[in-house]
Amino acid sequence: MSDTLIPEPTMSTSATMRRNFWLGVWRVMKRKPSRMFGVIIIAGFAFMGVFGPMFFPAQLPDNPNAITQPPSWAHWFGTDPQGRDVLALVITGSRYVLLSAAVTALITVVFGTSLGLFSGFKRGRWDTVLMRVTDMKLTIPGLPLLLVLATVWKFGSPIQMGLVLGLLGWGGVARAVRAQTLSLRERGFIEAARGLGLSTRHIISKELLPSMAPYIAMNMLIAVTGAVYAQVGLFFLGVLPYESDNWGVMLNLAVFQAGAMITTNALGYLLAPLLAILLLTLGIVLVVDAMDEIFNPRLREE
């Protein structure tokens, strides 16, 4: 009979902990309305990236009678040199930008965290080898390497772009996670787990990883902004295939073709992708601020 009663309080305690955690999250979010605004921004961009392109044809139609028009009620950010609505271009181009950024963040954090956790916990020979590999990775200049890769790889898919950016960006995360792991591995609960003879996999996945979850989550959000800047910059420089609705290509065409720097008609064409990037960055910054308080007991008490 005792065996049948043991799981009940365990499940109840787990459910209570989850409920208290989400109540704490809600209190932290309500404390500053700007944090809720950040969540709304990120959710809006996610919705735009997933569903936005479905509201427009695969190829936006040209309109020779509305070439490079200023903002109006019909076209909130004006039109491009082909007469297409600029807002529609931003929305249809969001899927490539956001999907590649998400893939980049996922690869960066998963690969960097796994390597940093294993290296910091095992130490010894494994730590030396893995950190030397990481140091070599950090010495490779990312932009020149991307420029070289762009000559042989066209990055036609956002998955390909995210894969390359992720494999180029994990070094810093691995170093930071290793430093955190070296600090945590000497704590009492880790020593107790080792004393009980628990496997390395169990200690890393069940003891270390949950303790570092807030740090990892924040790094993932920050990696999204870095990936957006990287790919938009590459498209702006013109080293990647031409995609008229990509935010980087829009910036390039606004400056060098539509003359946004010398005429107000093309100003909306320039500002629309810039505002999208800045708004996405703002949303991530606001959510990271909330996460810092959610996972930091001292800040919650204040």
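By convention here, the first residue in the shown sequence is residue 1.
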Out of curiosity, [X] [atom1] to [Y] [atom2], how far, rounded to the nearest 0.5 Å?
| X | Y | atom1 | atom2 | value |
| --- | --- | --- | --- | --- |
| Arg178 | Thr113 | CZ | OG1 | 14.5 Å |
| Leu99 | Ser94 | CG | OG | 10.5 Å |
| Leu282 | Ile42 | CG | CD1 | 9.5 Å |
| Leu60 | Thr92 | CG | OG1 | 5.0 Å |
| Asn265 | Ile67 | CG | CD1 | 12.0 Å |
| Tyr229 | Leu234 | OH | CG | 15.0 Å |

Same cluster or not: are [X] and [Y] linked, directly or through other Ile, Leu, Val, Met, Phe, Trp or Tyr residues, by side-chain heavy atoms under 4.5 angstrom apart?
| X | Y | value |
| --- | --- | --- |
| Ile284 | Ile40 | no |
| Ile277 | Val90 | yes |
| Leu87 | Phe51 | yes |
| Val255 | Leu278 | no |

Less than 4.5 Å apart, any side-chain heavy atom of Val224 and any of Thr104? no
Fill in: Side chain to side chain, Phe56 and Arg84, heavy atoms closer than 4.5 Å
no
How close do [X] and [Y] get, heavy atom to heavy atom, and via which atoms?
| X | Y | result |
| --- | --- | --- |
| Val86 | Ala272 | CG1-CB, 3.5 Å |
| Arg95 | Val50 | NH2-O, 2.5 Å |
| Pro53 | Met48 | CD-O, 3.3 Å |
| Thr134 | Leu115 | OG1-CD2, 3.6 Å |
| Asn246 | Val97 | ND2-CG2, 4.0 Å |
| Val177 | Gly116 | CG1-C, 3.9 Å |

Those residues at least two apart in sequence (or on a different chain) that pass ring-ring contact (aromatic ring centres under 6.0 Å, His included) with Phe45 are none
By ring-ring contact (aromatic ring centres under 6.0 Å, His included), Trp126 pairs with (sequence neighbours left out) Phe118
- Please report the C-alpha distance between Phe77 and Leu89 in whole Å, then the side-chain angles of each, then the deciding distance to 0.1 Å, and finally whether the side chain to side chain contact (heavy atoms under 4.5 Å, CB included) criterion is met. CA-CA 10 Å; Phe77 287 95; Leu89 289 171; over 6 Å; no
Derivation of the side chain to side chain contact (heavy atoms under 4.5 Å, CB included) call for Met220 and Leu106
CA-CA 7 Å; Met220 178 171 286; Leu106 182 64; 4.2 Å; yes
Evaluate whether atom [atom1] of [X] has more than 12 neighbouring non-hydrogen atoms of other residues, nucleotides or ligands under 6.0 angstrom away.
| X | atom1 | answer |
| --- | --- | --- |
| Phe37 | CZ | no |
| Arg132 | CZ | yes |
| Met136 | CE | no |

Residue pairs passing the side-chain hydrogen bond (donor to acceptor under 3.5 Å, both in side chains) test with at least one member in residues 40-54, sequence neighbours excluded, are none
| message | The test is side chain to side chain contact (heavy atoms under 4.5 Å, CB included); show your working for Met250 and Asp80 and say whether it passes. | response | CA-CA 9 Å; Met250 292 177 66; Asp80 73 345; over 6 Å; no
So, [X] side chain and [Y] main chain: donor-acceptor pair closer than 3.5 Å or not?
| X | Y | answer |
| --- | --- | --- |
| Thr79 | Thr68 | yes |
| Ser114 | Phe111 | no |
| Trp247 | Leu274 | no |

Hey, mind stepping through Leu138 and Arg175 against side chain to side chain contact (heavy atoms under 4.5 Å, CB included) and telling me if it holds?
-> CA-CA 10 Å; Leu138 291 173; Arg175 268 289 180 186; 4.1 Å; yes
